[in-house]
**Q** 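Just passing along the structure, written as structure tokens.
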Amino acid sequence: MTVETSYLALMESHFDRIMSFGMDSCGAKCMAMWPAVLDTRTARYPEGEHTPRRVYRLIGAPRGSTLYWDQPLIVAAHKLSGKTGKPEYARAADDYIDTFLRECIDRNGMFEWGNHMYYDVFDDAVVRFNGGFHELRPITPAWELFRRRNPRAVEKYIRQILHRHVYDRNTGGFNRHDDGLRQHAFLECGGILAESAAWLFGKTHDPALLRSALDVARYSYRNRGVLTGLIVNEPDHGRWDSVVS
């Protein structure tokens with residue numbers, strides 16, 4: 001057995017375990033979402049003394065599912081199907097995406113995910129931390145996989161995040177949260193906004209998207225250090241994460 005085939009066997013075992021966890025056994029709805037966390041001994045959600053006591057801002061999605069943080073998994077599932085010739089892994093990832101797009105888009109077209117929102121599979125509801133601000137970082141969404149499932153929803157969402165996270169159209173000033181305020185223009189957030197706008201420009205050839213991408217990128221670049229030329233991680237408030245990543 002080669003190193004590659006041994007690792008593929010481990011990946012198959014991992015995905016088989018995740019896919020065998022039936023979300024329909026939790027809440028009232030039969031869901032194709034994947035669990036955010038499982039007890040490795042029981043393959044169930046942790047309970048009692050084993051329940052995580054503190055997970056920063058609910059990013060761990062207790063009793064839930066969080067597609068934003070699972071995106072490396074869905075990309076890997078598609079790669080695994082390609083490597084093994086077994087379509088069930090890619091199909092399960094697509095089912096996960098389809099379920100999310102059905103259950104977790106608000107009336108404005110915003111995806112309800114990220115650092116402040118996840119889906120509770122027991123209560124069949126989106127959980128919103130501290131007001132449920134929309135925030136995407138540090139993962140750029142797997143746009144190609146989403147576009148295969150629902151191109152209209154993806155385009156509407158990307159246009160929404162560009163509208164709601166860029167608070168100053170003249171300077172390209174942006175904020176990690178979609179509250180329209182000048183707060184924390186984290187470099188990784190701007191990178192995701194610029195990359196997403198540029199990706200959609202490649203599909204639609206809408207010049208406004210290219211301008212948005214450049215405006216956001218230039219906002220960060222204009223705030224680079226005078227002596228070093230290095231781009232500041234958070235230029236607007238100067239707290240501790242201004243100078244570190």
Side-chain angles (χ1 to χ4, degrees), residues 15 18-19 21-38 45 52 55-78 89-165 175-180 188-189 192-193 195-197 199-200 203:
F15 277 101
I18 290 176
M19 290 159 50
F21 183 82
M23 285 298 190
D24 55 334
S25 64
C26 299
K29 296 181 180 179
C30 181
M31 308 295 280
M33 293 181 175
W34 293 349
V37 57
L38 292 180
Y45 275 102
V55 179
Y56 182 67
R57 294 185 174 177
L58 301 181
I59 289 175
R63 291 167 37 101
S65 178
T66 176
L67 179 55
Y68 183 68
W69 291 101
D70 276 343
Q71 287 180 98
L73 272 182
I74 65 172
V75 171
H78 275 268
Y89 303 114
R91 185 165 56 243
D94 287 342
D95 289 345
Y96 187 3
I97 293 172
D98 290 344
T99 303
F100 173 87
L101 294 177
R102 185 181 70 244
E103 301 291 336
C104 301
I105 298 182
D106 72 13
R107 57 187 177 85
N108 296 313
M110 291 290 283
F111 291 8
E112 298 189 285
W113 66 356
N115 289 344
H116 296 284
M117 291 177 278
Y118 70 94
Y119 191 84
D120 187 314
V121 299
F122 289 86
D123 294 338
D124 293 318
V126 174
V127 175
R128 300 171 181 85
F129 168 79
N130 195 27
F133 291 119
H134 182 272
E135 180 180 15
L136 288 186
R137 60 189 185 97
I139 301 170
T140 299
W143 292 130
E144 291 292 345
L145 293 183
F146 283 91
R147 186 172 184 268
R148 293 179 196 173
R149 311 309 300 173
N150 193 330
R152 292 182 63 186
V154 169
E155 179 173 351
K156 184 175 183 179
Y157 171 64
I158 292 176
R159 291 183 183 278
Q160 278 287 324
I161 61 175
L162 292 170
H163 174 69
R164 292 170 62 153
H165 283 268
N175 181 16
R176 61 166 175 163
H177 288 156
D178 64 333
D179 54 10
E188 59 187 357
C189 175
I192 291 168
L193 291 173
E195 183 178 349
S196 299
W199 175 86
L200 187 58
K203 305 298 181 183

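FYI, side chains are in, hydrogens and waters are out, and symmetry mates aren't considered; it's all heavy atoms of this structure.
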**Q** For Ile105 versus Ala153, what's the shortest heavy-atom pair and its separation?
**A** CD1-CB, 4.2 Å
**Q** For the pair Asp120 (side chain) and Val127 (backbone), establish whether a donor and an acceptor sit closer than 3.5 Å, ignoring hydrogens and angles.
**A** no
**Q** Please give me the minimum heavy-atom distance between Ser65 and Tyr96, naming the atom from each residue.
**A** OG-OH, 3.0 Å
**Q** Is there a side-chain contact between Met19 and Tyr89 in this structure, where contact means two heavy atoms from C-beta onward sitting under 4.5 Å apart?
**A** yes
**Q** Got a second to check how far Arg176's CZ is from Glu135's CD, nearest 0.5 Å?
**A** 5.0 Å
**Q** Can you name the side chain to side chain donor-acceptor pair (under 3.5 Å) partners of Thr66, sequence neighbours left out?
**A** none
**Q** Would you check if the distance from the ring center of Trp113 to the ring center of Phe146 is below 6.0 Å?
**A** yes
**Q** Step by step, would you call Asn115 with Phe133 a side chain to side chain contact (heavy atoms under 4.5 Å, CB included)?
**A** CA-CA 8 Å; Asn115 289 344; Phe133 291 119; over 6 Å; no
**Q** Ignoring hydrogens, what is the shortest heavy-atom contact between Trp34 and Ile18? Give both atom names and the distance.
**A** CG-CG2, 3.7 Å
**Q** How many angstroms lie between atom CG of Asp95 and atom CZ of Arg149, to the nearest 0.5 angstrom?
**A** 7.0 Å
**Q** Closest heavy-atom contact between Cys104 and Tyr119?
**A** SG-CD1, 3.6 Å
**Q** Whether the side chain of Gln71 engages the backbone of Ala142 through a donor-acceptor N/O pair (distance < 3.5 Å, no angle test) should be reported.
**A** yes
**Q** Under 3.5 Å, is there a donor-acceptor pair linking the side chains of Asp94 and His78?
**A** yes
**Q** Which atom pair, heavy atoms only, marks the closest approach of Trp69 to Pro138?
**A** CH2-CD, 3.3 Å
**Q** Once you round to the nearest 0.5 Å, how far does CG of Leu200 lie from NZ of Lys156?
**A** 14.0 Å
**Q** When rounded to the nearest 0.5 angstrom, what is the spacing between CG in Asp70 and CZ in Phe100?
**A** 11.0 Å
**Q** Could you state the interatomic distance from CD (Glu103) to CG (Leu67), rounded to the nearest 0.5 Å?
**A** 13.0 Å
**Q** From Ile161 CD1 over to Leu136 CG, what is the distance, rounded to the nearest 0.5 angstrom?
**A** 5.5 Å
**Q** Taking the six-membered ring where the residue is Trp, are the ring centres of Tyr68 and His116 under 6.0 Å apart?
**A** no
**Q** Taking the six-membered ring where the residue is Trp, are the ring centres of His177 and His165 under 6.0 Å apart?
**A** no
**Q** Is the shortest heavy-atom distance from the side chain of Val121 to the side chain of Pro35 under 4.5 Å?
**A** no
**Q** Using a strict cut-off of less than 4.0 Å between a Lys/Arg side-chain nitrogen and an Asp/Glu carboxylate oxygen, indicate whether Arg159 and Glu155 qualify as a salt bridge.
**A** yes
**Q** Of the non-hydrogen atoms in Ile192 and Arg137, which two are nearest, and what is the gap between them?
**A** CD1-CA, 3.7 Å
**Q** Might you work through the side chain to side chain contact (heavy atoms under 4.5 Å, CB included) test for Met110 and Arg164, ending with a clear yes or no?
**A** CA-CA 10 Å; Met110 291 290 283; Arg164 292 170 62 153; 3.3 Å; yes
**Q** Evaluate side chain to side chain contact (heavy atoms under 4.5 Å, CB included) for Arg147 paired with Lys203, printing each intermediate quantity in order.
**A** CA-CA 10 Å; Arg147 186 172 184 268; Lys203 305 298 181 183; 3.8 Å; yes
**Q** Quick one, Ile97 with Leu101, criterion side chain to side chain contact (heavy atoms under 4.5 Å, CB included). Give me CA distance, side-chain angles, the key distance, then yes/no.
**A** CA-CA 6 Å; Ile97 293 172; Leu101 294 177; 3.8 Å; yes
**Q** Among residues at least two apart in sequence or on other chains, which ones pass salt bridge (Lys or Arg N to Asp or Glu O under 4.0 Å) with Asp123?
**A** Arg63
**Q** Whether the Trp143 and Ser196 side chains hold a donor-acceptor pair (N or O, under 3.5 Å, no angle test) is what I'd like checked.
**A** yes
